[in-house]
Amino acid sequence: MSDREILLRREIWFGRVLALIPWLLALLLGAVAVHLILILTLPALAPGSAYRQFARSLPLGEKLVLARAEPSTSRPSFADPFAAIALCRFDLKQGPLRLRASADGDRPLSVSVRLADGTVIYSAADRQTPGGRFNIVIVTQAQADAQDAARERTEQDDSEEANKPSAPPEDELRLISPGKTGFAVFRVLALRESDYETAVARIDAVSCSMEKAQ
Amino acid sequence: MSDLKPLPIVLAAAVALGVAATILSLRGEPGFDAVRLGPWDSWPRLGNSEIDPYARAVSAVEGALPLGGGEGLAFVAQADASGSPLDARCDYQISGAAPPARFWTLTAYDVAGRLRANTAGRYGLTSAALLRSADGAFSITAAREARPGNWLPLGEKSRFILVLRAYQANTSALAGAFEGLTLPTITRAVCS
């Protein structure tokens, strides 16, 4: 093989490698894009997520008390067998949701509010609230603004006493949700094995109710 | 047009690589911000709005309901104090400092997050029900067979995970000063 032929072959090989580079870059960028899209969409789309498993088909204003965790329980995973759990769904397009619960002083009670993708936007336990009571209303920013505007209007017009919207109770926590759909989780803990049925009775007493939008 | 001949292959390979990378990333830890205290790991951001997208995806795929930050904090152990993976063929002594919380529970799971079937039908222990010595100290034995005192049944499958949940935890102790916090130690005893 002559030097000229060797040179020519090297040029052809080099040209082929150069032509591959854009495709390799496209492959890398494409893989990164697919990965990021999957990671960002999985929380909303994963069929086994807590929201999809328990809350998505739950009627608004109704609560679901989960069965006690056992070895056959796959969802929710890593469930505490001493926690009695109830869930409520919210869809703020349909109106605000009010949550009420109160502790019996002995068994720890906690409430968390989560978006449909699982992000916890609020959580607290009974010892952080007055009297161990929860009175939470979940609203959008627009609904909160409408409530404030309605209250301001009636404060300026005392003559319309009959139509005055009631002032918010002192123990009310208004939670402005960054998302329209999600769910609330109540937990009451059994102090010991024999205490679980009492914890279930406490969780049966929590309530979720739809509120009228202003 | 012949210049675009590799396009379908490149697209298919990109999708395959992206899916594979996602599956691999979901098998890892739930989040980047693990707090490690001896054999115990915790991911405090799982329970608040600062959760990272990977932790959110792992949590959704696992179908978990992690504790909110205001509810408490969960610590997960997959190994004993010496770093050896937990194995139900061995007994383990769990003792030492209780977490600074109003109430805590200790539970054993398989790697998929299910409670471990056992003949006693007991799946965990609570701080309120522990037998303690006069000075308040406690010792728990995690074992397949019944043991005197505080027994945590492990069931038959060998690999298992321990989860310690500190409910209504003292947040200044847990969230702000992890370095000064001590949790129960997990010491391997006899193995069958």
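In what follows, every heavy atom counts, from backbone to side chain, and hydrogens, waters and symmetry copies are set aside. It should be emphasised that the depicted structure is a prediction, and the values quoted were computed from it without experimental measurement. Residue numbers begin at 1 in each chain, while the letters A, B, ... track the order of the sequences.
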(request) Answer with side chain, backbone, both or neither: which region of Ser74(A) has an atom nearer than 4.5 Å to a non-hydrogen atom of chain B? (result) both
(message) I'd like to know which of Ile37(A), Leu42(A), Thr119(A) tops the heavy-atom pair count under 4.5 Å against chain B.
(response) Thr119(A)
(message) Does any backbone or side-chain atom of Leu45(A) lie under 4.5 Å from a heavy atom of chain B? Answer side chain, backbone, both or neither.
(response) neither
(request) Identify which part of Leu26(B) has an atom lying under 4.5 Å from any heavy atom of chain A, answering side chain, backbone, both or neither. (result) side chain
(message) Any heavy-atom pair between the side chains of Phe82(A) and Leu125(B) that's under 4.5 Å?
(response) no
(message) Need one label for Gln53(A): side chain, backbone, both or neither, based on atoms under 4.5 Å from any heavy atom in chain B.
(response) neither
(request) Below 4.5 Å from any heavy atom of chain A, which atoms of Arg165(B) appear? Answer side chain, backbone, both or neither. (result) side chain
(message) For Val34(A) versus Val19(B), what's the shortest heavy-atom pair and its separation?
(response) CG1-N, 4.0 Å
(message) Looking at every non-hydrogen atom in both residues, tell me the closest pair between Arg114(B) and Pro71(A) and how far apart they are.
(response) CD-O, 3.6 Å
(message) Heavy-atom cut-off 4.5 Å, strictly under: side chain, backbone, both or neither for Tyr109(B) against chain A?
(response) side chain
(message) If you count heavy atoms of other groups shown closer than 6.0 angstrom to CZ of Arg132(B), is the number above 12?
(response) yes
(request) Report the option among Leu7(B), Thr126(B), Leu17(B) that has the most heavy-atom pairs separated by less than 4.5 Å from atoms of chain A. (result) Thr126(B)
(message) Can you confirm whether Ser25(B) sits close enough to His35(A) that some side-chain heavy atom of one is under 4.5 Å from a side-chain heavy atom of the other?
(response) yes
(request) Please report the shortest heavy-atom distance between Phe103(B) and Pro108(A), naming the atom on each side. (result) CB-CG, 4.1 Å
(message) Does any part of the side chain of Leu65(B), heavy atoms only, come nearer than 4.5 Å to the side chain of Val185(A), both counted from C-beta?
(response) yes
(request) Under 4.5 Å heavy-atom distance to chain A, tell me which part of Ser59(B) shows up: side chain, backbone, both or neither. (result) neither
(request) Against chain A, label Asp110(B) side chain, backbone, both or neither, depending on which of its atoms sit under 4.5 Å from a heavy atom there. (result) backbone
(message) Which atoms of Ala33(A) are under 4.5 Å from chain B, going by heavy atoms: the side chain, the backbone, both sets, or neither?
(response) neither
(request) Compare every heavy atom of Arg102(B) with every heavy atom of Asp106(A), then report the nearest pair and how far apart it is. (result) O-NH2, 3.1 Å
(request) Taking Ser123(A) for its side chain and Gly70(B) for its backbone only, find out whether a donor-acceptor pair lies under 3.5 Å. (result) yes
(message) Which atoms of Ala44(A) are under 4.5 Å from chain B, going by heavy atoms: the side chain, the backbone, both sets, or neither?
(response) neither
(request) Could you grab the distance from atom OG1 of Thr105(B) to atom CG of Leu191(A), nearest 0.5 Å is fine? (result) 11.5 Å
(request) Go through the atoms of Ala50(A) and report whether side chain, backbone, both or neither lie under 4.5 Å from a heavy atom of chain B. (result) both
(request) Give, as side chain, backbone, both or neither, the part of Leu40(A) having an atom under 4.5 angstrom from any heavy atom of chain B. (result) side chain
(request) Taking atom CD of Gln128(A) as the centre, report whether more than 12 heavy atoms of other residues, nucleotides or ligands fall under 6.0 Å from it. (result) yes
(message) Quick check: closest heavy atoms across Arg187(A) and Pro66(B), and the distance to 0.1 Å?
(response) NH2-O, 3.6 Å
(request) Answer with side chain, backbone, both or neither: which region of Asp195(A) has an atom nearer than 4.5 Å to a non-hydrogen atom of chain B? (result) neither
(message) Given heavy-atom pairs under 4.5 angstrom as the criterion, report whether the side chain, backbone, both or neither of Ala21(B) touches chain A.
(response) both
(request) Can you tell which part of Leu67(B) gets under 4.5 Å to a heavy atom of chain A, answering side chain, backbone, both or neither? (result) both
(message) Given heavy-atom pairs under 4.5 angstrom as the criterion, report whether the side chain, backbone, both or neither of Ser72(A) touches chain B.
(response) backbone
(message) Please classify the contact of Tyr123(B) with chain A as side chain, backbone, both or neither, using a heavy-atom distance under 4.5 Å.
(response) both
(request) Carefully, step by step, assess Arg114(A) and Glu71(B) under the rule salt bridge (Lys or Arg N to Asp or Glu O under 4.0 Å). (result) CA-CA 13 Å; Arg114(A) 298 151 195 259; Glu71(B) 297 182 282; 3.4 Å; yes
(message) Please check: side-chain N/O of Ser49(B) versus main-chain N/O of Val120(A), any donor-acceptor pairing under 3.5 Å?
(response) no
(message) Within the 4.5 Å heavy-atom criterion, are Asp80(A) and Tyr167(B) side-chain neighbours or not?
(response) yes
(request) Kindly compute the distance separating OG (Ser112(A)) from CG (Asn48(B)), expressed to the nearest 0.5 Å. (result) 12.0 Å
(request) Mind ranking Ala46(A), Pro81(A), Gly30(A), Gly48(A) by heavy-atom pairs under 4.5 Å with chain B and telling me who comes out on top? (result) Pro81(A)
(request) Name the region of Ile51(B), side chain, backbone, both or neither, that has any atom closer than 4.5 Å to a heavy atom of chain A. (result) side chain
(request) Identify whether the distance between the nearest side-chain nitrogen and carboxylate oxygen of Glu193(A) and Arg122(B) falls below 4.0 Å. (result) no
(message) Shorter than 4.5 Å, heavy atoms on both sides: which option in Ser110(A), Ser49(A), Ala31(A), Pro76(A) has the most such pairs with chain B?
(response) Ala31(A)
(request) Please answer whether the main-chain N or O of Ala128(B) pairs with a side-chain N or O of Arg192(A) as donor and acceptor at a distance below 3.5 Å. (result) yes
(request) Please look at Arg68(A) and chain B and tell me whether the side chain, the backbone, both or neither of the residue comes under 4.5 angstrom of a heavy atom of that chain. (result) neither
(message) Using every non-hydrogen atom in the two residues, find where Ile39(A) and Ala57(B) come nearest and quote the distance to one decimal.
(response) O-CB, 3.8 Å
